[in-house]
**Q** 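What follows is a single structure, and I will ask about it in a moment.
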Amino acid sequence: MKIDMSIQDWTFLIACFGLGLLAEISFFHGEIGISYPIFIIGFYLVFFIRFRLSFQHRRIGVLLMAVIWVLSGSYAIYDNELFYLLNIVVIPLLVFFHIVLITSPKTMKWASIPFVFSLKTKFLSGFQYLVSFGRYLFKCVFRNTNEETRQLIKRILVGLMIGFPLLFIITGLLMSADKIFEDIVLQLPNFLLRFDAWESVFRAGLVVLLTLLFFGVFQVLKPHSKEEHSLAVGDKKFRVDSITALTILVMLNAVYLLFAFIQFNYFFGQGLQDGFTYASYARRGFFELLFVTCINWVILIACLKLVHNSGKTMKVILKAMYSIIILVSGVMLASAYQRLSMYEAAYGFTMDRILAHAFMIFLMIIFAYTFIRVWLEKLTLLHFYFISSLLFYTVLNAIDIEQIIVNNNIERYKDTGKIDIHYLNTLSYTGVEGLMELYVLDPEYPELQTILMDRKQQFEHNKESSWQSFNFTKQHVTEKLNEMNFINE
């Protein structure tokens, strides 16, 4: 790849350095909090200045932008460990998807195979650009040296890049082979950490790496006047014969209808069947849900996309078969939803159970739309699946699931006198707030005061001092816990 750096490109490299510095400050100085939305502001400020607000695909682009803002803002508002970890991966992927999308040609459909290949191409092109840019910098730095010296330095640098990974692997093997050697090597980090300059060197190297990463990605996002990749899927698309598909669907629907008929009371009975516990009852429901998602959904999508209809009568028959699969799947989902509700009433609410409920609701929406698509062929599936999945995940981040868990468990305690305080203690600061609410209702609840006093000491010991880690929920709960007066304190 040929590199031709203009004055504008060098100026933009300086802007990317500022962005790399902001990224290092935001993400590598303690737990991430309000620093994430601040970084997103800086990132898109540089991006918009670079491309001067000249974008395509604006409607889906605005939706993606809103989703990114909500997800990054959740780091400052909520304290959910699950989504904290998930969003570390999800947000960068969405940001990359977004910036590639709005800089792609208007004629390229975002819900298509060519766009998927465009994402892959941009990702690989970014690294290719960085390699070429590194060579360009090398030539600029050593332009006054002779060719022999340049080649020598180049070979040394290549040797270092290859040697360090090999050194790491071989050292690990030798450490496992000799205990004394392992002890000596493990003492080296303590020796090196005594020099404060090492941390500064590491952070400076990290800033440079991030700078080059941002610069490389932005440089390959320059819009092109021509289509980048008009990929042909092939002259002939793979098709499934309608008779073959109908045979499969008739067999499956016969089993489904028989199963639904025999198990109707089992699905919608008000109590447990003989020989079942709540745990086994719920688990069987989840297996049915897995069956629905992994089998029926795949069959529907495959048939809608691949089956070749030979006539109007066959088309109507196939649509009827699709509808039966969807309706029976809805029965199974309703059954699984009811079982899980009974399980929660008996054993309480947890993150896994609430997420399972939410996922079942999402599947009901998906199947409902698919049912409409069966009879209205002009509707597109991929667009709806992508947008609904995006909104579903965003809503899960925005509604504070842990607060729902706490509220439901407190209400269950008021009705039954049962609550799992140890589970609430495993939650984030929202769970601690729930324990404080329970303490107000029942200060004599066994072990509750001890748990709260331990958490109070833990908060004081692990108090965050960096502004990057600021979180509104943490701040509120910490202040509230400090103001509490315990009976035996």
**Q** Determine whether the aromatic ring centres of Tyr429 and Phe459 lie less than 6.0 Å apart.
**A** yes
**Q** Got more than 12 heavy atoms from elsewhere within 6.0 Å of CD, Gln458?
**A**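 Count over threshold, so yes.
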**Q** So, do Tyr347 and Phe349 have ring centers that fall under 6.0 Å from each other?
**A** no
**Q** What is the distance from atom CD1 of Ile401 to atom CE of Met351, rounded to the nearest 0.5 Å?
**A**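 Between Ile401 CD1 and Met351 CE, I get 5.5 Å after rounding to 0.5 Å.
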**Q** Looking at Lys474 and Glu479, is any side-chain nitrogen of the basic one under 4.0 Å from a carboxylate oxygen of the acidic one?
**A**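 Answer for the salt bridge query: no.
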**Q** Any idea which heavy atoms bring Gly20 and Leu210 closest together, and the distance?
**A**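 It is O-CD1, 3.8 Å.
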**Q** Decide yes or no for Tyr322 and Thr370: does some side-chain heavy atom of the first lie under 4.5 Å from some side-chain heavy atom of the second?
**A**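 Side chain of Tyr322 against side chain of Thr370, heavy atoms only: no contact under 4.5 Å found.
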**Q** Please check if the distance between the ring centroids of Phe367 and Phe362 is under 6.0 Å.
**A** no
**Q** Main chain of Ile32, side chain of Tyr84: is a donor-acceptor contact present, judged purely on distance under 3.5 Å?
**A**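 Flag set: sc Tyr84 to bb Ile32 pair under 3.5 Å.
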**Q** Quick check: do Leu21 and Thr211 have side-chain heavy atoms less than 4.5 Å from each other?
**A**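 Answer no - side chains too far apart.
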**Q** Side chains of Ile102 and Gln56, heavy atoms from C-beta outward: is any pair under 4.5 Å?
**A** no
**Q** Taking the side chain as every heavy atom from C-beta outward, state whether Asn471 and Tyr75 have any atom pair closer than 4.5 Å.
**A** no
**Q** Compare all side-chain heavy atoms of Ile60 with those of Leu63 and state whether any distance is below 4.5 angstrom.
**A** yes
**Q** Applying the side chain to side chain contact (heavy atoms under 4.5 Å, CB included) criterion to Leu124, which one of Lys120, Gln128, Lys122 satisfies it?
**A** Lys120
**Q** Please test Glu444 against Gln449 for side-chain contact (heavy atoms from CB on, under 4.5 Å), starting from the C-alpha separation and ending with a verdict.
**A** CA-CA 8 Å; Glu444 301 294 336; Gln449 179 172 302; over 6 Å; no
**Q** Could you label the plane-to-plane angle of the Phe359 and Phe392 rings as parallel, tilted or perpendicular, counting under 30° as parallel and over 60° as perpendicular?
**A**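 Taking Phe392 first and then Phe359, their aromatic rings sit tilted (interplane angle of 30° to 60°).
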**Q** Looking at Phe12, I'd like to know if the NZ or CZ of Arg50 sits under 6.0 Å from its six-membered ring centre while staying within 45 degrees of the ring's axis.
**A**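 Yes - Arg50 lies over the ring of Phe12, closer than 6.0 Å to its centre and within 45° of its axis.
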**Q** Take atom CZ in Phe472; do more than 12 heavy atoms of anything else shown fall under 6.0 Å from it?
**A**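 Count not over threshold, so no.
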**Q** I would like to know whether Asp400 and Ile404 meet side-chain contact (heavy atoms from CB on, under 4.5 Å); could you show each step before the answer?
**A** CA-CA 7 Å; Asp400 194 3; Ile404 296 175; over 6 Å; no
**Q** Which value, rounded to the nearest 0.5 Å, describes the distance between Glu402 atom CD and Ser428 atom OG?
**A** 3.5 Å
**Q** Which is it for Arg412 and Glu344 under the side-chain contact (heavy atoms from CB on, under 4.5 Å) test, yes or no, and what are the steps along the way?
**A** CA-CA 9 Å; Arg412 176 174 173 269; Glu344 288 173 331; over 6 Å; no
**Q** Could you give me the CA-CA distance, side-chain angles and deciding distance for Phe218 and Phe47, then say whether side-chain contact (heavy atoms from CB on, under 4.5 Å) is met?
**A** CA-CA 8 Å; Phe218 284 142; Phe47 178 76; 3.3 Å; yes
**Q** Just by distance, do the side chain of Asn425 and the backbone of Ile421 share a donor-acceptor pair under 3.5 Å?
**A** no
**Q** Does any non-hydrogen side-chain atom of Val217 lie less than 4.5 Å from one of Ile99?
**A**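 With C-beta onward as the side chain, the pair touches.
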**Q** Distance check, rounded to the nearest 0.5 Å: His29 atom NE2 versus Glu24 atom CD?
**A**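 His29 NE2 to Glu24 CD: 3.5 Å, rounded to 0.5 Å.
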**Q** Decide yes or no for Asn409 and Lys414: does some side-chain heavy atom of the first lie under 4.5 Å from some side-chain heavy atom of the second?
**A** no
**Q** When rounded to the nearest 0.5 angstrom, what is the spacing between CD1 in Ile324 and CG in Leu252?
**A** 11.5 Å
**Q** Once you round to the nearest 0.5 Å, how far does CG of Leu71 lie from CZ of Phe83?
**A**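 It comes to 9.5 Å.
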**Q** Show every donor-acceptor pair shorter than 3.5 Å between a side-chain atom in residues 35-46 and any protein atom, with sequence neighbours excluded, or say none if there are none.
**A**
from, atom 1, to, atom 2, distance (Å)
Ser35, OG, Ser26, O, 2.8
Ser35, OG, Gln468, O, 3.3
Tyr44, OH, His98, ND1, 2.9

**Q** Enter the distance from Ile451:CD1 to Tyr445:OH here, rounded to the nearest 0.5 Å.
**A** 9.5 Å
